[in-house]
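Written out below as structure tokens is the structure these notes cover.
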Amino acid sequence: MDKTYEPKNFEHEIYENWLNKGYFSASVNSDKKPFTIVMPPPNITGQLHIGHALDCTIQDAIIRYKRMQGYEALWLPGTDHASIATEVKIVEKLAEEGLTKKDLGREKFLRRAFEWKDKYGGRIVEQQQRLGISCDWEKSSFTMDSKCSKAVREVFVKMFNEGIIYRGDRIINWCPECKTAISDAEVEYESSQSHLWHIRYPFADGSGEIIIATTRPETMLGDTAVAVHPTDPRYKKAVGKMLVLPLCNREIPVIADEYVEKDFGTGAVKITPAHDPNDFEVGKRHNLPVINIMNGDATLNENAGAYAGLDRYEARKKLLEDLEKSGYLVKTEDHLNNIGHCYRCGNVIEPIVSKQWFVKMKELVSPAIAAVKNKEIRFIPKRFEKSYLHWMENTQDWCISRQLWWGHRIPVFYCEKCGNVSASVEDLEVCPKCGGKVHMDEDVLDTWFSSALWPFSTMGWPTETELYKKFYPTDALVTGYDIIGFWVSRMIFSGLKHTGKKPFGDVVIHGIVRDGLGRKMSKSLGNGVDPIEVIDKTGADALRISLVSGISAGGDIKFSSEKLEGYRNFMNKIWNAARFVLLNCENRNVKEIGSFRLTLADKWILGELNACIKRVTRLMDKYEIGLAAAQIYDFIWSEFCDWYIELSKTALYSDNDDKRDNTISVLLYVLRETLKLAHPIIPFITAEIYNALPNKDADDIMIAPYPKSAGIKTSTRILRASFRAELEQMRSVMELIKNVRAMRNEMNVSMTKRTALFVKPLGGNKALVKSASRYIEKLAGGNSLQIVDAEPEGKNVTVISSIAEVYIPMNELIDKDKEIARLNHELEIVESEIARASGKLANEGFVQKAPAALIDAEKAKLAKYKEQRETLKKSIENLIGE
RNA sequence: GGGAGCUUAGCUCAGUUGGGAGAGCAUCUGCCCUACAAGCAGAGGGUCAUAGGUUCGAACCCUAUAGCUCCCACCA
């Protein structure tokens with residue numbers, strides 16, 4: 001092994017080997033219980049960012065864990081065509097060449113898009129592989145490949161025929177730049193300083209006027225009413241009367257509707273059903289006409305009369321001038337309001353009435369709500385259930401048509417002869433009704449329409465493939481909380497509706513990755529992190545574990561170079577620990593655990609390992625990867641390296657071959673199990689070291705059995721591995737050692753200055769102290785150790801602990817006054833402990849109501865501290881008396 | 001406006017069913033001791049946001065308040 005950890009030297013080779021061996025591919029013929037994850041498909045718009053790396057790491061950790069536990073683990077990868085996002089990118093690129101979509105035409109445009117997909121889709125796979133993820137590449141899907149497209153068509157036609165998909169007029173968000181409808185979720189609101197214009201609308205009978213307030217005066221050209229609140233006394237008499245729309249000379253009624261807020265503006269609001277979603281609803285309630293005044297490019301149309309042809313903002317300006325001239329404009333107020341922008345191009349969106357395709361949500365939502373409420377589908381953490389239910393309960397019909405080219409073309413065919421509209425899985429040439437010529441709908445489907453089918457379309461549904469039969473429904477879905485509404489909810493109702501089964505059981509939600517300052521990573525801030533650059537620098541494992549550590553329960557995660565460096569150091573620590581073990585293996589006879597007598601330290605580390613396995617398993621089962629990682633970190637660094645390796649040196653550096661064989665066998669065993677424990681999170685380094693082990697229990701670590709806390713399995717039996725008594729014993733030995741070390745530090749006696757140690761065991765701890773004496777001597781800086789019954793003659797430094805007192809002959813190196821001061825400080829601490837414990841025991845309520853075990857423990861502590869108090873007092877007296 | 005979450009050491013966060021406040025980083029002290037200076041041994045540092053309540057006992061449970069974050073809806 002190299003002296004320092006150099007991930008570059010082995011990560012690639014290890015990954016190639018995994019691919020060649022076919023370890024990632026799941027078999028439909030296996031007898032093993034399946035465990036399935038489908039990957040949330042990254043958009044093909046570009047390269048992966050750090051958020052994907054997080055998403056992938058979590059999934060990979062889960063799938064590797066399950067695979068090692070003996071499941072037939074399938075992780076199905078793929079990519080998403082990302083209709084609007086990709087189309088925008090391609091249009092941008094065309095613009096660089098001086099071309100437009102129209103110049104190319106639909107067919108050539110799509111060819112370009114597929115070229116784009118091949119290029120960027122491939123790049124994404126390369127990046128994912130650098131991360132080391134173990135998905136079944138051969139089963140990889142793309143939302144527009146033939147099997148996914150087939151599922152899309154099947155679903156569309158089915159829902160069309162059932163009347164769940166319908167075409168209708170609705171207010172949709174129109175992006176005048178992208179020239180397409182975008183869903184509500186794709187609108188981003190930005191608060192901006194605007195104006196509230198007050199405009200006079202006179203009554204038709206000349207009996208006065210109503211003043212309305214608006215932020216979008218140009219839409220008044222499409223007004224078909226003015227609404228007031230039914231209980232508003234100011235307008236009580238006005239309801240039912242007619243108003244003359246200024247500049248248009250059209251008459252519109254005054255209506256009463258609860259929607260109006262009395263306190264806003266003037267309490268009277270103009271109603272423009274064609275250009276405002278709320279007004280549209282009001283219009284429906286009152287049977288108002290709908291007048292659309294706008295073209296797709298946000299210029300005004302012929303309904304705008306004199307303003308036709310003008311851009312929306314020019315029209316606003318001119319209209320305001322005209323209103324002012326003719327005295328209709330009462331006043332202009334400053335007003336802060338939220339304006340919707342297209343999430344892709346940033347243009348101000350325009351609510352417009354238009355003909356679009358919709359999915360009727362009413363019947364779809366109730367089974368989807370029930371599946372979560374009756375715990376068939378579980379959100380982890382649970383609180384996201386509320387997000388989901390809230391979204392589901394408030395969702396409106398889903399607008400699924402987009403005026404784009406890149407995507408699944410809507411499989412609807414219009415007969416030019418008889419006007420029949422039909423949906424078909426196969427392309428139609430002629431009308432199925434009259435045989436007349438048909439043409440296909442020009443629009444494509446919302447990207448999420450195909451994403452919604454992802455858990456089963458990727459497995460070949462509607463065909464009952466072997467894959468589908470074995471692996472569907474899937475087990476876990478891992479994704480960010482930001483797409484619960486967009487995606488998770490739609491997969492749930494789609495799965496239930498089309499396959500009759502829930503698409504997955506557990507929804508594991510994680511947060512988003514932020515920078516060190518807690519800001520979202522974004523291009524404009526320039527604080528994004530390229531996972532590949534990080535991997536080049538520190539290796540994939542360090543990236544993986546630093547992403548996953550510190551995340552818990554759907555919380556956001558901060559990513560910083562300090563954190564990354566910390567985990568890179570951890571990798572180095574593992575590397576060197578393994579090097580230590582392997583270097584000491586030479587010429588040693590490796591034995592099976594259980595075939596020789598274990599020392600106190602051996603039993604202790606095996607007990608700690610066992611406890612660690614238990615905790616890690618429990619956490620992994622709860623998808624708490626971050627907390628599991630923390631447990632592993634702690635065990636490897638604080639217990640295995642800092643203590644056991646140090647303890648093992650007393651045996652390893654002795655000349656007793658038996659002891660050396662035994663110790664190296666324990667070291668190897670613990671190392672191997674620890675590597676397996678950590679492998680799901682840090683696959684490369686664990687695999688590289690595992691390959692070098694003389695005690696491998698599988699051809700490759702990724703197919704080795706995951707450690708179990710049930711006990712240590714040997715060839716003949718299972719050993720109990722909790723070693724509870726030894727854990728306690730060793731911990732008190734460690735406490736003693738630490739106390740001596742702390743004293744040395746305080747008294748400026750470096751560890752290199754070895755001293756004699758006189759140890760006086762307390763209570764029944766003589767045997768324990770005796771068996772641990774070599775450890776104490778070595779780790780507490782002794783050059784000799786003697787077990788005594790009383791403090792030796794002469795000046796000594798006294799160190800107290802719960803199992804023993806340690807006396808170190810004081811030579812000229814240690815100052816007497818300083819030692820007295822130190823002991824007095826110790827005494828203060830002990831006194832305060834005595835006060836605390838006796839106070840507690842003097843509390844009647846505590847003694848009566850607290851559990852007996854707790855009271856006993858408190859009494860024992862009190863006794864121990866009292867004993868320590870005596871020791872300290874005596875030592876101080878001795879020193880003063882000298 | 002509706003909903004969710006957060007507030008613990010200088011920073012980033014853990015803290016399982018209520019039972020003596022933890023880790024990493026940073027700071028300070030001392031160490032190159034044959035795995036590792038990307039390291040080792042120590043130390044300092046906290047009114048667990050605030051105010052009440054329940055309890056023998058509260059970081060944890062309940063109520064209110066303040067500050068921050070996110071999601072949803074979007075008021076003309």
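Here is the naming used below: chain letters follow the sequence lines, and residue numbers restart at 1 for every chain. It should be emphasised that the depicted structure is a prediction, and the values quoted were computed from it without experimental measurement. The figures that follow rest on heavy atoms only: side chains count, while hydrogens, waters and symmetry mates do not.
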Of the listed nucleotides [options], the one nearest the side chain of [X]:
{"X": "Asp642(A)", "options": "C40(B), A4(B), A35(B)", "value": "C40(B)"}
{"X": "Ala577(A)", "options": "G24(B), G42(B), A35(B)", "value": "A35(B)"}
{"X": "Ala742(A)", "options": "A41(B), A43(B), C56(B)", "value": "A43(B)"}

Interatomic distance, [X] [atom1] vs [N] [atom2] [rounded to whole Å]:
{"X": "Gln848(A)", "N": "G57(B)", "atom1": "CD", "atom2": "P", "value": "13 Å"}
{"X": "Tyr633(A)", "N": "A38(B)", "atom1": "OH", "atom2": "C1'", "value": "11 Å"}
{"X": "His390(A)", "N": "G5(B)", "atom1": "NE2", "atom2": "P", "value": "14 Å"}
{"X": "Ile339(A)", "N": "A76(B)", "atom1": "CD1", "atom2": "C1'", "value": "13 Å"}

Under a 3.5 Å cut-off for both contacts, is [N] paired Watson-Crick or G-U wobble with anything, and if yes, with which nucleotide?
{"N": "U47(B)", "answer": "none"}
{"N": "G30(B)", "answer": "C40(B)"}
{"N": "A58(B)", "answer": "none"}
{"N": "A73(B)", "answer": "none"}
{"N": "U7(B)", "answer": "A66(B)"}

For the residue pair Trp637(A) and Phe570(A), does the interplanar ring angle fall in the parallel (under 30°), tilted (30 to 60°) or perpendicular (over 60°) class?
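Ring orientation of Trp637(A) relative to Phe570(A): parallel.
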
Classify the ring geometry of Trp448(A) against Trp487(A): parallel below 30°, tilted from 30° to 60°, perpendicular beyond 60°.
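Geometry flag for Trp487(A) against Trp448(A): tilted rings.
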
Are OP1 or OP2 of [N] and a side-chain N or O of [X] less than 4.0 angstrom apart?
{"X": "Tyr653(A)", "N": "A35(B)", "answer": "yes"}
{"X": "Trp391(A)", "N": "A4(B)", "answer": "no"}
{"X": "Lys3(A)", "N": "A35(B)", "answer": "no"}
{"X": "Lys558(A)", "N": "C11(B)", "answer": "no"}
{"X": "Lys573(A)", "N": "C40(B)", "answer": "yes"}
{"X": "Arg741(A)", "N": "G42(B)", "answer": "yes"}
{"X": "Asn576(A)", "N": "G39(B)", "answer": "no"}

Indicate, yes or no, whether a donor-acceptor pair under 3.5 Å links the base of [N] to the side chain of [X].
{"X": "Arg568(A)", "N": "A38(B)", "value": "yes"}
{"X": "Gln396(A)", "N": "A73(B)", "value": "no"}
{"X": "Asn338(A)", "N": "C74(B)", "value": "yes"}

Aromatic centroids of His510(A) and Tyr623(A) separated by under 6.0 Å:
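Ring centres of His510(A) and Tyr623(A) not closer than 6.0 Å.
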
Categorize Thr215(A) for me: base, sugar-phosphate, or nothing, with a 4.0 angstrom heavy-atom threshold over every strand shown.
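Here Thr215(A) touches the backbone only, sparing every base.
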
Does Asn278(A) reach a base, just sugar-phosphate, or nothing at all? Heavy atoms under 4.0 Å.
sugar-phosphate

Worked verdict on Arg822(A) versus Val797(A) for side-chain contact (heavy atoms from CB on, under 4.5 Å)
CA-CA 10 Å; Arg822(A) 188 186 68 87; Val797(A) 178; 3.6 Å; yes

Please check if any side-chain donor atom of Lys558(A) sits under 3.5 Å from a side-chain acceptor atom of Ser560(A), or the reverse.
no

G42(B) versus A23(B) - spacing of their P atoms, nearest Å
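Roughly 12 Å separates the two P atoms.
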
Considering only the P atoms, how many Å lie between U65(B) and A59(B), rounded to the nearest integer?
23 Å

